[in-house]
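The block underneath contains the structure these notes are about, expressed in structure tokens.
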Amino acid sequence: MDYAVISDVHGNIEALDAVLADISGRGGKPKRKILFLGDAVGYGPDPNACVAAIRGQVFRGVAGNHDWAVLGLTDITYFNPHARAAITWTDEILTAESRAFLEALPLVKRIERDGLFLVHGSPCEPEEWHYLLYFSEARLNFGHFKEGICLIGHSHLPFVMEQTPTGEITALRGQKDGLEAVRLKAGCRYIINAGSVGQPRDGDPRACYLLLSDEEARFVRIPYDIGATQRKMVEAGLPRPLADRLSKGL
Ligand code: ZN
């Protein structure tokens, strides 16, 4: 198994291009496959370009709550006002082609050969977009998939939780501790959040993605031209705080 895992791109093509260049620059034979954990659009100024890049490069993917919101498939009254404004803006410029790609994304995806379960928010009630952040939530969710590894996004906070064969759960990498790589042990099960390409929230503004092999989960941080994305957001009339937060990674 040898994957690059991307999530929460959120219409940020500068971040996505930088990440895709890093993935292809690493080589690997056969070419490393890319998994996508949802939220191609929302917040950022280039939803169509991001959907096109994801469509062209991703091996398997799932839908996120912002993707569903733009498609009218999920209630947006619980979105904060800035997120809601960005969804309305995205809805107006999304092409039929982009829409068709997002509509075809499933809520969950299993890759049985590698024992992977992909979902944007949580294995338990994926259509409710629950956040999975704490041990109590991890304990519940380990019972909602049978594979060895569940890959999630949604909170934009990269972490690795491990469940031993006796059921103990530990965080091998917390949400903000910056550890680059963790070793994966045979017999243990994992919930891994891949972090966010286009809007990191762990205090590090660089784009985040995950390299996943049988032995380890490795988080990679990639600098990109944040100023260029912010200028486009301001020109597009997207809410200013959404542009500002990119510099802080919060
Ligand atoms: Zn997101």
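The basis for the numbers below is simple: all heavy atoms, side chains too, and nothing from hydrogens, waters or symmetry mates. Whatever order the structure lists ligands and atoms in, that order sets their numbers, starting from 1. Computed from a predicted model, the values in this text were never measured in an experiment.
- Of the charged side-chain nitrogens involved, at least one lies within less than 4.0 Å of a carboxylate oxygen, so that Glu216 and Arg218 count as a salt-bridged pair.
- The distance cut-off of 2.8 Å around the Zn ion (ligand 1) captures these protein N, O or S atoms, sorted by chain and number: Asp8 OD1, His10 NE2, Asp39 OD2, His156 NE2.
- Taking Ile, Leu, Val, Met, Phe, Trp and Tyr as members and joining any whose side-chain heavy atoms lie under 4.5 Å apart, directly or through other members, Val234 forms no hydrophobic cluster with any other residue.
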Scan the side chains in residues 8-19 for donor-acceptor partners under 3.5 Å anywhere in the protein, sequence neighbours excluded, and list what turns up.
from, atom 1, to, atom 2, distance (Å)
Asp8, OD1, His10, NE2, 3.3
Asp8, OD1, His156, NE2, 3.0
Asp8, OD2, His154, N, 3.0
His10, ND1, Val41, O, 3.0
His10, ND1, Gly42, O, 3.1
His10, NE2, Asp39, OD2, 3.3
His10, NE2, His156, NE2, 3.2
Asn12, OD1, Glu14, N, 3.4
Asn12, OD1, Ala15, N, 3.0
Asn12, OD1, Thr229, OG1, 3.3
Asn12, ND2, Gly198, O, 3.1
Asn12, ND2, Tyr224, OH, 3.0
Glu14, OE1, Thr229, OG1, 2.8
Glu14, OE2, Lys232, NZ, 2.5

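- Salt-bridge annotation for Arg189 and Glu162: absent, with no side-chain N of the basic residue lying under 4.0 Å from a carboxylate O of the acidic one.
- The pair Asp204-Arg221 meets the salt-bridge criterion, with a side-chain N (NZ, NE, NH1 or NH2) lying under 4.0 Å from an Asp/Glu carboxylate O.
- For Asp22, the side chain to side chain donor-acceptor pair (under 3.5 Å) criterion is met by Arg26, Tyr209, not counting sequence neighbours.
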